[in-house]
Visitor: 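Pasting in a structure now, in structure tokens, and then I'll have a few things to ask.
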2 protein chains.
Amino acid sequence: MISEELLKKYRAVEVHLKKKEVLFNVGVNARYFFQVSTGKIKMNNFNEDGKEFIQGIFPPGSSFGEPPLFAELKYPAQAEAVEESSVWRLEKESFFKLLRENPETHLKLTKVLAGRLHYKATMVAEISTESPEHRLLKLIDYFKTHIHKIPEEEEYLVELSRQQMADLTGLRVETVIRTIKSLEKKGVVQLKSHKILR
Amino acid sequence: MISEELLKKYRAVEVHLKKKEVLFNVGVNARYFFQVSTGKIKMNNFNEDGKEFIQGIFPPGSSFGEPPLFAELKYPAQAEAVEESSVWRLEKESFFKLLRENPETHLKLTKVLAGRLHYKATMVAEISTESPEHRLLKLIDYFKTHIHKIPEEEEYLVELSRQQMADLTGLRVETVIRTIKSLEKKGVVQLKSHKILR
DNA sequence: TATTGTTTATGACCTAAATCATAAGAACAA
DNA sequence: TTGTTCTTATGATTTAGGTCATAAACAATA
């Protein structure tokens, strides 16, 4: 997360997005650095027959879509506003200038990328080899401990919908619903008026 | 890739690994920066019933296993020598000193992480939503254009075994073999004495 | 050049999760 | 208050890819 002062200093501008508005598409070249100011942005893919995969959901303060900026690559996914949002947009050149002139910020950003790589490595191994039960528990636990940093013994109320969990784990809604039910029966998660507790 | 002079200057040492030897395990804390000197290292996971997933295969010059170093996390996968290999090993503290004192190297490393994040984002979307055919073609094309940087019109001889392709895409060997055959029938890849050309 | 191991190949069969259909409950807007 | 839409729920059916078994082709080693 880059501070607002710093962003403003390097001439970042705020861009407004309506719910479901797309900020950038798959396959285009990256020209800007983005950081969520308000709302929520997701990065996602669709296959030929419309099945969605969610790469990540970014709350205020998170940057997203930086890799193609560094590696001169095209966006592997699109960015879309989950709800009405605004994002800071910084020109690529200014962004690199900012990094050069603020080594501490560069290191912080490297740490963010490292964290994201860790999440992806975890999830891709899950998705490619594990059962729906295992995948969903891993997802829930990852959000609990790494995203929200909630201590093991404390209760965590999952804020994701069944559909979002499906799109994050490569499953189908029905499978998520059935699996969550069965996890409840086993007592590994609780359900309070459809909300998942763990 | 960090130059050998620089590595030596910061007191990196060379570690020798026999084929199949494990350098570090899942779940342990990262204490060193590693870069392949000779041979080939893979990072991989195994699920309960022994199914493997390959996170990446690293040739000489590539570093690997940096994310937990930055983000204070545990290794999400193990590192194992594919063949007899040697790797440079640099103490965590020396590594960060090196980065601070060599901003250009820090930027180069950030680019490496960005590239790897791009690969993972691409593959996880494939694995979670696409057919075996699509997954394998994407894998082959990714290796052709991004790893080996071979121009579109030139022919690429896939150096991966069917088993490795299976472990990189979350499929089973038999499925890879059958799918490659069917891709050959369709004329989208060629087979020359079992080697795949694209 | 026999032997052992690894990789590629193929058929038969089976199963977990996707698909399809339908509906009830919640949330939101008019 | 009544539509409208989104989310959760559940049963029936289908199917793609996994599993199992067996073998040929090839490579590596003694």
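Every chain is numbered from 1 and lettered A, B, ... according to where its sequence line falls, protein lines coming before strand lines.
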Visitor: Does A/E101 come within less than 4.0 Å of A/K97, counting only side-chain N to carboxylate O?
Guide: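 Looking at A/K97 together with A/E101, the answer is yes, because their closest N to O distance falls below 4.0 Å.
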Visitor: Which residue lies toward the 5' end of DNA chain C, A/R135 or B/K181, if each is placed at its nearest nucleotide?
Guide: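 Taking each residue's closest nucleotide, the earlier one in sequence belongs to B/K181.
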Visitor: Rounded to the Å, how far apart are A/K51 NZ and C/dA17 P?
Guide: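 Going from A/K51 (NZ) to C/dA17 (P), I get 12 Å.
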Visitor: Hey, does the side chain of B/T175 come within less than 4.0 Å of D/dG17's phosphate (OP1/OP2), counting only N and O?
Guide: no
Visitor: Using atom NZ of A/K195 as one end and atom C1' of C/dA26 as the other, report the distance to the nearest whole Å.
Guide: 11 Å
Visitor: D/dT10, D/dA9, C/dA18: which one has an atom nearest the side-chain heavy atoms of A/E174?
Guide: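 Comparing D/dT10, D/dA9, C/dA18 against the side chain of A/E174, the answer is D/dT10.
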Visitor: Salt-bridge test for B/E66 and B/R116: reply yes if a basic N is under 4.0 Å from a carboxylate O, no otherwise.
Guide: yes
Visitor: How long is the gap from CD on B/E83 to OG1 on B/T38, to the nearest 0.5 Å?
Guide: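 So the CD of B/E83 and the OG1 of B/T38 are separated by 8.5 Å.
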Visitor: Ignoring backbone atoms, establish whether A/R178 has a side-chain N or O less than 4.0 Å from OP1 or OP2 of D/dT10.
Guide: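 So the side chain of A/R178 is outside the cut-off, no N or O lying under 4.0 Å from OP1 or OP2 of D/dT10.
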Visitor: Starting at atom NZ of A/K19, determine the distance to atom C1' of C/dC28, rounded to an integer number of angstrom.
Guide: 10 Å
Visitor: So which nucleotide from C/dA9, C/dC20, C/dA26 ends up closest to the side chain of B/H194?
Guide: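 Side chain of B/H194 sits closest to C/dA9.
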Visitor: For B/R172 and D/dA21, what is the distance between atoms CZ and C1' respectively, to the nearest whole Å?
Guide: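 Interatomic distance, CZ of B/R172 to C1' of D/dA21: 15 Å.
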Visitor: Using whole Å, report how far CG of B/D167 lies from C1' of D/dG18.
Guide: 14 Å
Visitor: Please report the distance, rounded to the nearest Å, between CG in B/L160 and C1' in C/dT8.
Guide: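 In whole Å, C/dT8 C1' and B/L160 CG are 15 Å from each other.
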Visitor: To the nearest angstrom, how far is A/I177 atom CD1 from C/dT19 atom P?
Guide: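 It works out to 15 Å between those atoms.
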Visitor: If you take all heavy atoms of B/P68 and B/Y75, which pair is closest and at what distance?
Guide: CG-CD2, 3.6 Å
Visitor: Could you state the atom-to-atom distance from CD1 of A/I127 to P of D/dG17 in whole Å?
Guide: 16 Å
